[in-house]
Amino acid sequence: MKVTIHKGSQEIGGTCIQLSSGKTSLLLDAGLPLSADSQPVDLSRLTVDALLVSHPHQDHFGLMASLPSGTPVYMGALARSLIDATQVFLGKDRYALDFHDFKAWQPFTIGDFTITAYLVDHSAADAYAFLIEAEGKRLFYSGDLRSHGRKGILFENLVKRPIRDIDLLFLEGTMLHRNNDLFPDETAVENTIFQTIQQQKNISFLLSSSQNIDRVVSAYRACKRAGKLLVIDIYTAWVLEQLRQITQNTPAMDWPEIRVFAKHSQDERLKANPEYFGDFRKRLYLNRVKREELHATPESFLYFGKMSSFHLIDEFKNAAAPVNVIYSQWLGYLDGKHADYFGSDQIAAYRSDPAVNFVYAHTSGHAPIEDLKKLATALKPRMLVPIHTEHAERFQDHFDNVTLIQDGVPFILS
Ligand SMILES: [Zn+2]
């Protein structure tokens, strides 16, 4: 079997790995690089039998539309709905690719390959690792994963009942040089949100990704404990609506502790896409909270927002008490090098603004090194290849059987 890492051996993001066996060639992820210095892989002339997308984060699927047209694309059904949701709210067309979905833990075949998707705990919903078998060889691709989210049991299962006879393990190493000590898990995040809003005299804003469902749940649970209302925007409400495909247990806009703040720009998307949204717009307005209501009793609310919420945050800055801004995503976005995140400079400035109580509450979407070691020890791969890491060379200090495969250099697994 031939293994080629097109991108991802030396960086976090942009992951793209090709496997070829017999007459069949597969791509694992087609990611857009996260770093502006990193060039996307040119996939326009790459003929593969299928692309497997591990999860709905841009750095794993962002280049899928650049493959030759007609290339089959496999991903979870919910993942596809979440990607569609983002496209529609960005005012872009939904992807019109040859999509196929798969079921967790049920093997399926593509040409010479047999694939089993393992649902994993990650900061994206519907995230998978893949077991891939061909020519009597067994590869396991971790995708992005962790044990400390709300679906940590999935990681524990991989460790407790490990898959046997792995010839090659592609193991993500996002956290090789980072730690998660401040907030070891999602419960720690929830507790900080709760403590921040419990006695609040003004509104709180929580800045995170609406597709980080664990974080929405943490915000919801903190509100319930503190007797506050969780305010979400239309996009977040629609994301939560997609979760109904798989569970009735995640918060939704019609739950009693939740209100929807209808931003004009998002409402325009609803009006522009009536067939896609069905009766959602009508139902949404039953759960609406108006701007005047937020201003009347700001201490009653936690607003789940994003970096671009700074205009709304500023509206509340003149009140008698500081606005709580709970920053609930990777701090690196505030380093001044992420101008593409609209609002990041304004949010960064809140750290020294006396009218703002800036609180950090975040746990990573990725496993810290101790957990990666547990997984590697359980899987006992004959070969461990680092991926999705800036520190591939340090894997040898922590893991057995490490082989470094460089971007663009084919490797024959025999
Ligand atoms: Zn991810």
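Since the structure is predicted, the reported quantities are computational estimates derived from the model, not experimental observations. Note that ligands are numbered from 1 as they come in the structure, with each ligand's atoms numbered from 1 the same way.
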Checking H148 now: which residues fulfil side-chain hydrogen bond (donor to acceptor under 3.5 Å, both in side chains) with it, not counting sequence neighbours? N180, T363

Could you pull out all residues at least two apart from D267 that satisfy salt bridge (charged side-chain N to carboxylate O under 4.0 Å, His left out)? R281

Return yes if some donor-acceptor pair links the side-chain N/O of N212 with the main-chain N/O of R215 below 3.5 Å, else return no. yes

Can a side-chain donor-acceptor contact be found between S54 and D29 if the only test is distance below 3.5 angstrom? yes

Taken in chain and number order and not counting sequence neighbours, the residues that satisfy salt bridge (charged side-chain N to carboxylate O under 4.0 Å, His left out) with K373 are none

What are the protein N, O or S atoms, given as residue plus atom name, that sit under 2.8 Å from the Zn ion (ligand 1)? H55 NE2, H57 ND1, H122 NE2, D144 OD2

Verify the distance criterion only: is there a donor paired with an acceptor across the side chains of H388 and T174 at less than 3.5 Å? yes

